[in-house]
Each structure stands twice: as C-alpha cells, then as structure tokens.
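Report on the structure given below.
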There are 2 protein chains.
Amino acid sequence: MTMCPKKTTKVGRPRSSDKETSERGERILNAAEELFALHGYDGVTLRTLANAAGVDVALINYYFGPKQQLFDTVFKRRAEILNQERLTALENARQASAPDVIAVEKIIEAFLRPLEVAQESDDEGWRNYCALLAYVNNSAVWGPVLMSKHYNDLVDVFIDALRQALPKADDADLYWCYHYMSGAMSLTFANTGRIDKMSGGLCRSDDFQAAYDRMIPFIAAGFRQVCDR
Amino acid sequence: MTMCPKKTTKVGRPRSSDKETSERGERILNAAEELFALHGYDGVTLRTLANAAGVDVALINYYFGPKQQLFDTVFKRRAEILNQERLTALENARQASAPDVIAVEKIIEAFLRPLEVAQESDDEGWRNYCALLAYVNNSAVWGPVLMSKHYNDLVDVFIDALRQALPKADDADLYWCYHYMSGAMSLTFANTGRIDKMSGGLCRSDDFQAAYDRMIPFIAAGFRQVCDR
DNA sequence: TTGACAATTCAACAAGCGATGAATTTTAAT
DNA sequence: ATTAAAATTCATCGCTTGTTGAATTGTCAA
C-alpha cells in the first residue's frame with residue numbers, strides 16, 4: 001500500500017463557509033488587471049494568471065470565457081466608474097463657474113484629477129488599471145477597438161466643453177491638443193519608472209501629486225497657445 | 001516510382017548571383033521592426049516573423065541569436081541615427097541663435113522635427129521604428145531597460161539646453177515637462193488610428209505635419225508655463 | 001584540389017499554450 | 001429525499017512556441 005500524501009486541494013464545489021474560496025471571480029479580475037498592465041495581452045498566459053490568482057486554470061474559462069473576453073471584461077470594469085467620476089467633476093466645475101463659461105484649466109482638471117485620486121487610493125487595483133489604460137491607449141491592436149468603445153462618449157463631452165472655453169479654436173486644433181494630453185497622461189500613469197532613471201532619482205514616477213500638479217498647467221497652457229490665438 | 005513535385009526551396013548556401021537571396025539579415029530586421037511595433041514583443045512569433053521576411057525560421061537565430069537579442073538589435077539600429085540627427089539639429093539651432101541662448105521653441109523643434117522627417121521619409125522602416133519607440137517607451141518591461149540604455153545621453157543634452165533656456169526652472173520641473181513631451185510624442189507616432197475615430201475622420205494620424213506643427217507650440221507653451229514662472 | 005567556413009533548409013525537441021469535457025462535491029429548490 | 005444547478009479540480013487534447021543539431025550546398029583561399 002502506498003502512502004497517501006496530504007491532499008491540499010479538494011475537488012468539487014467548496015463549502016460556502018470556506019473562507020479563502022469566495023470572490024474568486026474578483027480575484028481573477030484583479031490579478032488579470034495587474035498582469036495585463038505589466039506584460040500586455042500576449043505576455044500573460046492563463047496559467048500564470050491562474051497561479052497569481054490562486055485558482056485553477058479552468059476556472060478562468062468557467063467565469064469569463066476565452067482570453068479575449070476576459071481582457072475586455074477587465075478593461076470595461078473600471079471604465080464606467082472612471083467616466084462617471086470625470087463627468088461629475090466636470091459638472092461640479094461648471095456649476096462653480098456659472099454663469100461664466102468654464103475655464104480651460106478647470107476642464108483639464110476635471111479630466112485629470114479623478115485619475116490622480118484613483119492612483120492615490122488605497123485600492124491598488126486602480127493603479128494597475130491606470131497602467132492598463134496606458135497600454136491599451138498606446139496599442140495599435142487594442143486602442144482603436146477598446147478606447148473607442150468605452151471612452152468615445154466621454155471624449156465628446158469634454159471636447160464640447162473645450163470648444164466653448166476656446167471659441168476661436170477649430171475642431172482639428174482641439175482634437176490634436178486632446179491627443180497630446182492623452183499621450184502625456186498615458187505615459188505618466190504607465191508608471192514605467194523611466195523618469196526615475198532619467199532624472200537620477202530626483203523625480204519619482206509614483207509621486208502622483210508632483211506629476212499632476214505640473215501636468216494641469218502644462219496642458220492648459222498648451223491648449224491656450226494652439227487654440228486661443 | 002512516385003512523382004517528384006517541383007521543389008520550390010533548395011537546401012544549402014545559395015548562389016551569390018541569386019538575387020532575392022541577398023540582404024536577408026536586413027529583411028529580417030525590417031520585418032521584425034514592423035511586427036514588433038504592431039504586436040509587441042510577445043505578440044510576434046519567430047515563425048510569423050520568418051514568414052513575413054520570406055526566410056526560414058532557423059535563419060533568425062543564425063543571424064541574431066535568441067529572440068530577446070533580436071529585439072535589442074532592432075531597437076538599437078536606428079536609435080543611433082536618430083540621436084545623431086537630433087544632436088545636429090540642436091547644434092544648428094544653437095549656432096543660428098548665437099550669441100543669444102537658444103529659445104525653448106527651437107529646442108523642442110530640434111527634438112521633435114527629426115521624427116517628423118523620419119516619419120515622412122520614403123523609408124517605411126522609419127514609420128515602423130517610431131511606433132516601436134512608442135511601444136518601448138510605454139512598456140514597463142522594456143522602457144526602463146532600453147530607453148535608458150540608448151537614449152539617456154541624449155536626454156541629458158536636451159535637459160541641459162532647456163535648463164539654460166529656462167533659468168528660473170528647477171530640475172524637477174524640467175524632467176516632468178520633458179516627460180509630458182515624451183508622452184505626447186509617443187502617442188502621436190504610435191499611429192494607432194485613434195484620433196481618426198475620435199474626431200470622426202477630421203484628423204488623420206498619418207498627417208504628420210498637422211501633428212507636429214501643433215505639437216511644437218503646444219509643448220513649448222507648457223514648458224514656459226511650468227518652468228518660467 | 002582540398003579544406004575550412006559561410007549560409008541555408010529541414011526535422012525534431014521539450015515545454016508551454018488555450019481550451020474543454022468529465023468527474024466530483026456542495027447548494028438549493030422541489 | 002430527490003434532483004437540478006453551481007463551483008471546482010483534473011486530465012488531456014491538438015497546436016504552437018523558441019531553440020538546436022545535422023545535413024546540404026556554395027565560396028574562396030591555400
């Protein structure tokens with residue numbers, strides 16, 4: 001007779017009393033968020049992900065279907081929340097400025113500040129999501145699909161506000177400037193650690209307040225220069 | 001006896017007179033440049049690459065060693081050329097401004113314009129390389145390694161020029177602004193087609209002149225706002 | 001003419017990939 | 001008590017991955 005070594009995993013549905021076995025769907029999404037942000041879609045295997053989430057590999061498919069669908073789910077999850085917070089920030093700024101039309105700086109701030117808040121929050125997932133957003137935004141494969149799908153409506157609202165704030169601008173100017181803002185923002189929260197090396201440690205990529213406090217006037221001045229001539 | 005179907009490939013070293021068989025190393029690098037830029041490091045398999053280059057898969061290893069080393073070679077190839085052109089542009093601007101110190105706009109222009117020229121050149125490879133640069137710059141895996149390795153010296157030179165042009169700025173301001181510029185630039189030549197969709201076709205991501213003509217004043221105004229207060 | 005070397009193809013390797021069907025266990029409704 | 005459904009593990013499928021060794025053919029100097 002052979003010894004039966006202690007089996008650490010049990011087959012079948014776990015007891016609902018069993019702690020550590022709950023919220024496995026969320027655990028998968030969180031791990032996926034982190035890994036996709038760091039290594040990109042093709043850089044993450046389902047087995048690595050399963051391991052990081054402490055879950056059997058088949059469970060990923062059970063919850064989220066094929067890999068592509070999982071990626072879409074991860075990206076979508078916080079997009080809606082972020083959009084909502086940006087819209088609220090814009091609406092608040094509008095009311096604070098009334099009856100005047102809202103100033104460029106305030107629009108930029110409504111766009112950027114929710115990201116700073118997210119990145120500084122206790123929920124580490126938001127930091128990962130911001131890096132994921134940077135990855136998708138810069139990807140020729142995912143960008144045109146996912147960004148358009150989940151963020152185009154928001155863009156329209158903000159472009160509209162900017163059009164009112166900068167009445168002399170033509171639309172091409174506005175869209176290009178928006179594009180620059182999007183790029184600056186992306187690299188900033190891609191959080192690659194590049195600025196740390198570049199500056200010899202003087203600047204730290206996780207110093208979000210330093211990043212955003214300078215970024216808002218930087219971008220606003222750019223808009224004014226190009227769109228308010 | 002079985003029929004012998006026409007063999008399309010021949011084993012062994014090809015005749016040197018054989019056209020279509022020369023410069024295979026370069027063909028591999030060019031295809032790699034394009035595919036890595038589009039799909040990222042993990043999104044490209046050596047077989048796909050071999051197929052795109054019209055070459056046997058084993059030949060990639062023969063010329064360039066393992067995959068990582070190939071990636072490094074691809075990235076390095078044009079980095080040196082680009083650095084040289086940027087330095088020349090900066091030197092030209094310096095002499096044109098002498099004896100005054102060189103103005104911010106001119107520095108930004110020396111940094112950005114060589115990229116526009118590259119992207120508009122007949123050599124399609126430059127367009128691919130720019131997209132690759134965007135990928136690496138935004139990647140948390142490759143960015144800190146490759147960007148620092150091949151572009152840090154250049155950064156020092158340009159930061160130095162900016163420090164002279166903006167004597168009131170402290171270094172943290174300069175590095176952060178440089179970072180925003182880098183991000184805006186990256187997304188612009190990542191060439192994802194995003195701005196096309198966003199603007200409903202009004203702006204085209206391959207309209208490099210439109211992109212750079214607005215980008216230079218945009219960035220310069222940002223620098224002035226943050227670093228010249 | 002021989003022999004070293006360069007350039008190429010081919011076949012194969014072990015490892016890893018995403019996906020799935022079957023088995024197992026628990027829950028919850030009937 | 002019975003049964004359908006939910007949640008999980010496991011084993012395995014057919015492919016694909018990066019890499020390498022052996023075979024083949026051409027070049028060029030000695």
Side-chain angles (χ1 to χ4, degrees), chain A residues 2 4-32 35-36 39-74 141-142, chain B residues 4-32 35-36 38-74 141-142:
Chain A
T2 54
C4 178
K6 189 95 127 301
K7 203 62 166 342
T8 156
T9 49
K10 283 231 313 228
V11 81
R13 179 171 180 162
R15 293 249 156 71
S16 41
S17 61
D18 211 352
K19 204 65 185 171
E20 199 70 40
T21 199
S22 53
E23 303 155 346
R24 290 181 122 155
E26 289 229 337
R27 289 227 309 274
I28 292 171
L29 289 181
N30 291 337
L35 292 176
F36 281 140
H39 298 107
Y41 180 78
D42 295 295
V44 179
T45 74
L46 294 183
R47 282 166 176 87
T48 311
L49 170 55
N51 199 41
V55 142
D56 188 275
V57 66
L59 210 56
I60 302 176
N61 231 269
Y62 175 72
Y63 274 120
F64 302 107
K67 194 183 179 187
Q68 294 215 19
Q69 194 175 306
L70 167 68
F71 190 75
D72 196 86
T73 304
V74 170
V141 172
W142 298 104
Chain B
C4 178
K6 189 96 124 300
K7 202 65 164 346
T8 154
T9 50
K10 281 233 311 236
V11 83
R13 178 171 182 164
R15 292 248 157 68
S16 40
S17 60
D18 212 351
K19 204 64 185 170
E20 198 70 43
T21 200
S22 52
E23 303 155 347
R24 288 179 125 160
E26 290 228 338
R27 289 227 308 274
I28 292 171
L29 288 182
N30 290 337
L35 292 175
F36 281 140
L38 193 53
H39 298 105
Y41 180 79
D42 295 295
V44 179
T45 75
L46 294 183
R47 282 169 176 86
T48 311
L49 170 54
N51 198 41
V55 141
D56 188 275
V57 66
L59 208 57
I60 302 177
N61 231 269
Y62 174 72
Y63 274 118
F64 302 106
K67 192 183 181 188
Q68 295 214 19
Q69 194 176 306
L70 166 68
F71 191 74
D72 196 86
T73 303
V74 170
V141 172
W142 299 104

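Just so you know, these numbers come straight off a predicted model, no measurement behind them.
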Q: Test V74(A) against every option in L29(A), N30(A), L35(A) by the side-chain contact (heavy atoms from CB on, under 4.5 Å) rule and name the one that passes.
A: L29(A)
(Q) Whole angstroms only, please: what is the CG-P distance between L70(A) and dG18(C)? (A) 11 Å
Q. At under 4.0 Å, does any side-chain N or O of T45(B) touch on OP1 or OP2 of dT16(D)?
A. no
Q) Would one find a side-chain N or O of Y63(B) under 4.0 angstrom from OP1 or OP2 of dT8(C)? A) yes
(Q) Strictly below 4.0 Å: does R24(A) bring a side-chain N or O up to OP1 or OP2 of dA7(D)? (A) no
Q) Short question: side chain of Y41(A), backbone of Q68(A) - any donor-acceptor pair under 3.5 Å? A) yes
Q: Please state whether the base of dG16(C) and the side chain of R47(A) form at least one donor-acceptor pair under 3.5 Å?
A: no
(Q) So which atom in D56(B) and which in A50(B) form the shortest heavy-atom distance, rounded to 0.1 Å? (A) C-CB, 4.0 Å
(Q) Rounded to whole Å, please give me the gap between CG in N61(B) and C1' in dT17(D). (A) 13 Å
Q: Could you check how far OH of Y62(B) sits from P of dC5(C), rounded to whole Å?
A: 12 Å
**Q.** Between dG16(C) (P) and L49(A) (CG): distance, integer Å
**A.** 17 Å
Q) What orientation do F71(B) and W142(B) show, parallel under 30°, tilted 30 to 60°, or perpendicular over 60°? A) tilted
Q: Look at the side chain of L46(B) and decide which nucleotide, out of dA7(C), dT20(C), dT19(D), has an atom nearest to it.
A: dT19(D)
Q) Any side-chain N or O of R15(B) less than 4.0 Å from the OP1 or OP2 oxygen of dG26(D)? A) yes
(Q) In this structure, how many angstroms lie between the P atom of dG21(D) and the CG atom of D56(B), rounded? (A) 16 Å
Q: Using whole Å, report how far CG of L59(B) lies from C1' of dT9(C).
A: 9 Å
**Q.** Interatomic distance where CG belongs to N51(A) and C1' belongs to dT9(D) [whole Å]
**A.** 15 Å
Q) Side chain of Y63(B), backbone of L70(B): donor and acceptor closer than 3.5 Å? A) no
Q: Tell me which of A58(A) and T48(A) sits closer to the 5' end of DNA chain C, going by the nucleotide each one is nearest to.
A: T48(A)
Q: Would you kindly give the CD1-to-C1' distance between I28(A) and dA7(D), to the nearest whole Å?
A: 11 Å
